[in-house]
Amino acid sequence: PQVPSNSKPMHLGMFEIGRPLGKGKFGRVYLAKERKTGFVCALKVLHKNELQTGRVETQLRREVEIQSNLRHPNILRLFGHFHDSKRVFLIIEFAGRGELYKMLRKAGSFSEPRAASYVAQMASALAYLHKKHVIHRDIKPENILVGSHGEIKLSDFGWSVHAPTNRRTTLCGTLDYLPPEMLRGDSHGEKVDLWSLGVLMYEFLVGNAPFEDTPIETQKRIVKLNFKIPDFVSAEAKDLITRLLRLDPEKRLPLDQVAQHPWILKHCSKPQTAREKQRNNHQR
Ligand SMILES: CC(C)n1nc(-c2ccc(NC(=O)/C=C/C(=O)c3ccc(F)c(C(F)(F)F)c3)cc2)c2c(N)ncnc21
């Protein structure tokens with residue numbers, strides 16, 4: 001089904017509202033279907049009196065502008081928005097399997113093949129964003145959803161403060177993923193996403209973030225690069241984590257080399273076609 005038409009103005013009557021998918025502090029999210037096309041999406045409802053509407057309009061327009069020319073299988077799409085007198089509605093790509101952070105909490109930690117698949121998809125999404133000179137800046141499990149085929153969907157929940165649940169809810173959101181240069185308030189570039197990818201990979205494999213501590217201690221540990229990788233983590237995985245968690249942004253492994261790292265290749269070799277198998281067997 002094609003994406004909701006953004007030629008003519010959209011309004012609530014165009015959608016059949018389904019079950020609630022969850023709620024954030026700012027608003028609730030529902031499953032929705034566009035009546036004309038049957039297109040299924042997520043509809044986020046925000047109450048204007050909770051948003052300083054002036055700024056939001058421009059911010060939203062800018063966000064939809066940025067996101068409308070982002071097309072990548074691992075980046076969740078914001079298709080458009082509309083509003084009535086009291087509410088703002090966001091039309092967002094529906095992620096069929098929900099929140100990655102809930103899966104991580106439930107599983108405790110992920111197997112190396114599963115973690116490698118997620119890191120490879122993240123590297124692909126980040127390479128795409130960086131090529132478009134977009135820095136995500138807020139990579140963490142809470143900002144990743146899972147599509148109906150198990151693929152990950154990076155989203156920018158950045159602004160959406162979810163109700164305090166069992167998430168790491170500190171005032172400004174968790175510090176765990178902040179790179180040293182952002183903690184120091186230095187100018188920062190796209191390499192901040194490489195640091196966060198290293199933190200994310202560590203958390204996938206270990207079950208907690210590398211610098212997890214009290215907010216003060218976390219900051220001290222980040223700037224001193226004070227973390228330990230448990231022995232159950234394979235040598236190749238350790239190697240990739242340490243090549244991403246570098247204080248000097250210039251020394252962090254570039255994304256194209258992440259995709260070619262032995263740990264990724266070992267777990268993510270594309271399934272061979274029958275013909276490739278046949279050809280390889282003959283060569284052997
Ligand atoms: C509850 C469950 C877990 N859930 N939640 C989602 C979901 C996914 C993405 C979003 N994205 C946004 O909200 C993005 C907002 C903005 O970029 C924005 C930018 C500038 C602004 F001013 C603003 C403004 F709102 F402040 F105006 C917003 C929201 C919900 C979801 C889904 N897509 N599929 C399945 N389940 C799902």
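This structure is a prediction, so every number in the text was calculated from the model and none was measured. Each ligand, and each atom within it, is numbered from 1 in the order the structure gives. Index from 1, following the sequence.
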Mind running salt bridge (charged side-chain N to carboxylate O under 4.0 Å, His left out) on Glu217 and Lys220 for me, showing each step along the way?
CA-CA 5 Å; Glu217 275 311 304; Lys220 282 187 194 162; 3.2 Å; yes
Does the pair Asp84 and Lys86 meet the rule for a salt bridge (charged side-chain N to carboxylate O under 4.0 Å, His left out), with working shown?
CA-CA 6 Å; Asp84 64 14; Lys86 293 196 305 301; 5.6 Å; no
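Note that CG of Leu12 is 6.0 Å distant from CZ of Arg87, once rounded to the nearest 0.5 Å.
Only side-chain heavy atoms of Leu90 come within less than 4.0 Å of ligand 1; its backbone N, CA, C and O stay farther off. With a 4.0 Å heavy-atom cut-off, ligand 1 is reached by the backbone of Ala95 and by its side chain too. Proximity of Ile92 to ligand 1, defined as any heavy-atom pair under 4.0 Å, is confined to the side chain (atoms from C-beta onward).
Contact between Gly98 and ligand 1 is absent, with no heavy atom of the residue lying under 4.0 Å from the ligand. The shell of residues lying under 4.0 angstrom from ligand 1, judged by heavy atoms, includes Gln67. The shortest separation from a heavy atom of Val88 to ligand 1 is not under 4.0 Å, leaving the residue out of contact.
Of the possible polar contacts, one joining the His11 side chain to the Gly13 backbone as a donor-acceptor pair under 3.5 Å is found. The main-chain N or O of Phe15 is found under 3.5 Å from a side-chain atom of Arg35 such that the two form a donor-acceptor pair. Asp193 places a side-chain N or O within 3.5 Å of a backbone atom of Arg137 that can act as its donor or acceptor partner.
When each atom of ligand 1 is checked for a heavy atom of Gly22 under 4.0 Å away, the hits are 1 (C). For ligand 1, the atoms lying closer than 4.0 Å to a non-hydrogen atom of Phe94 are 34 (N), 35 (C). Of all the atoms in ligand 1, the ones that sit under 4.0 Å from a non-hydrogen atom of Leu46 are 25 (F). Atom numbering of ligand 1 starts at 1 in the shown order; those under 4.0 Å from a heavy atom of Ser155 are 9 (C). Close approach of ligand 1 to Leu21 is summarised as follows: ligand atoms under 4.0 Å from at least one heavy atom of the residue are 1 (C), 2 (C), 35 (C), 36 (N). Applying the 4.0 Å criterion to heavy atoms of Leu76 picks out, from ligand 1, the atoms 8 (C), 9 (C), 33 (N). Near Glu99, meaning under 4.0 Å from any of its heavy atoms, are these atoms of ligand 1: 3 (C).
Counting heavy atoms of neighbouring residues, nucleotides and ligands inside a 6.0 Å radius, atom CG of Asp186 exceeds 12 of them.
Using a 4.5 Å heavy-atom threshold, the side chains of Leu205 and Glu112 count as touching.
When ring centroids are compared, Phe39 and Phe79 come within the 6.0 Å threshold.
Residue nearest to atom 21 (C) of ligand 1, selected from Leu145, Leu60, Leu100: Leu60 (by heavy-atom distance). One option in Arg62, Glu63, Glu142, Arg97 has a heavy atom closer to atom 19 (C) of ligand 1 than any other, and that option is Glu63.
Under the 3.5 Å distance criterion, with hydrogens and angles disregarded, no donor-acceptor pair is assigned to the side chains of Arg105 and Tyr101.
Considering backbone and side-chain atoms alike, Glu93 places an N or O below 3.5 Å from some N or O of ligand 1.
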